[in-house]
Peer 1: 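This is the structure, below, for whatever I ask next.
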Amino acid sequence: MLEILNLSKKYGKTLAVDQVSFLVPDGQIGVLLGPNGAGKSTIIKSIAGLVRYEGQVRIQGILGKSVDAKKVFAYVPEIPAMYEALTVREHIDFILKAYQAETTGEEIEHLLERFELADKQNKLGNELSKGMMQKVSICCALVVKPQVILLDEPMVGLDPAAIKELKKIVLELKEQGVTVLISTHMLEMVKELWDVTFVMEKGHIIGTYSKDTVGAENLEDLFFQVTSGGVSEHSGRETESSGRRV
């Protein structure tokens, strides 16, 4: 479970996020949407522990700033960063030691094969393309077997085969009871994945939608309805402009 409670963040005098709260339950895939400047990046950095903030982030009921919470949490940043002098396999071994994760060599090999990295284990970080670095970043997050995982624009830079594989893995994580939060502007890429969606604008959550409530309604349509002012903030409430229920 990932729970955000009254989270606020200022950069100087600018209020980037104002009293934001939302919840992604165990075994569900949440999607965080919003135009540029909406506050998504600030929320992501707060959850990942990269910026100071007011409010609370709870991971499996544990305060997100604690070591115990970090042990069950994994993060895939939008822009992958690697140590230039470490190989692909050394990156994974480093993460495993840091998390003290009990992952077998066979499990590591299988994960690398799924992302077509098995024959690139000895390549150094500075020898990889952005797409390859993104694959390594994803593998480093998955190899620790997190209970909560945050993916920030994870499909940017990936080839079609890797995107297909990542979608499969996200659905597998859901089946395993893992909580997944994806931040993206690529609505087409998550249309078959999401269980709950949070739409941000100007530092607030302005729309929350559950797939159980809206059914087969198109995620892109929902997004543009709410960001154009046509949809109420709360799911299940009738809109003034269209009379539809969301």
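This structure is a prediction, so every number in the text was calculated from the model and none was measured.
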Peer 1: Evaluate the side-chain contact (heavy atoms from CB on, under 4.5 Å) criterion for residues V136 and M82: first the C-alpha distance (whole Å), next the side-chain angles of each, then the deciding distance (0.1 Å), finally the verdict.
Peer 2: CA-CA 9 Å; V136 175; M82 298 186 66; 3.6 Å; yes

Peer 1: Take K135 and D159 through the salt bridge (Lys or Arg N to Asp or Glu O under 4.0 Å) test and state the conclusion after the steps.
Peer 2: CA-CA 10 Å; K135 292 181 183 181; D159 57 77; 3.0 Å; yes

Peer 1: Is there a side-chain contact between L193 and L171 in this structure, where contact means two heavy atoms from C-beta onward sitting under 4.5 Å apart?
Peer 2: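 In short, these two side chains touch, coming nearer than 4.5 Å.
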
Peer 1: Within the 3.5 Å criterion, strictly below it, is a donor on E107 or T104 matched to an acceptor on the partner's side chain?
Peer 2: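 Yes, side-chain donor-acceptor contact under 3.5 Å.
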
Peer 1: Please determine whether the number of non-hydrogen atoms from other residues, nucleotides or ligands lying under 6.0 Å from atom CG of N36 exceeds 12.
Peer 2: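 For N36, atom CG is not crowded (no more than 12 foreign heavy atoms under 6.0 Å).
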
Peer 1: Any heavy-atom pair between the side chains of S8 and Y53 that's under 4.5 Å?
Peer 2: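 Heavy-atom side-chain distance check fails, nothing below 4.5 Å.
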
Peer 1: Could K9 and Y11 be counted as a cation-pi pair, given that NZ or CZ must be under 6.0 Å from the ring centre and within 45° of the axis?
Peer 2: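 Here K9 passes the 6.0 Å and 45° test against Y11.
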
Peer 1: Who passes ring-ring contact (aromatic ring centres under 6.0 Å, His included) against F198, sequence neighbours left out?
Peer 2: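 In terms of ring-ring contact (aromatic ring centres under 6.0 Å, His included), with neighbours along the sequence ignored, F198 is linked to F22.
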
Peer 1: Between E172 and R114, is a salt bridge (Lys or Arg N to Asp or Glu O under 4.0 Å) present by the stated rule, with each step listed?
Peer 2: CA-CA 13 Å; E172 289 170 10; R114 294 187 71 170; 3.0 Å; yes

Peer 1: Measuring only between side-chain heavy atoms, which start at C-beta, is E116 closer than 4.5 Å to E165?
Peer 2: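 E116 vs E165: side chains apart.
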
Peer 1: Return the CD to NZ distance between E201 and K40, rounded to the nearest 0.5 Å.
Peer 2: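 The NZ atom of K40 is 11.0 Å from CD of E201, to the nearest 0.5 Å.
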
Peer 1: Please report the C-alpha distance between R89 and D93 in whole Å, then the side-chain angles of each, then the deciding distance to 0.1 Å, and finally whether the salt bridge (Lys or Arg N to Asp or Glu O under 4.0 Å) criterion is met.
Peer 2: CA-CA 6 Å; R89 185 55 182 260; D93 290 340; 3.4 Å; yes

Peer 1: Are Q19 and L7 close enough that some pair of their side-chain heavy atoms sits under 4.5 Å apart?
Peer 2: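 Result no, sub-4.5 Å side-chain heavy-atom pair not found.
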
Peer 1: Please examine the side chains of L151 and L181, heavy atoms only from C-beta on, and report whether any two atoms are closer than 4.5 Å.
Peer 2: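 Contact flag for L181/L151 side chains = no.
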
Peer 1: I need the I59 CD1 to K65 NZ distance, nearest 0.5 Å.
Peer 2: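 Atom-to-atom, I59:CD1 and K65:NZ are 12.0 Å apart.
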
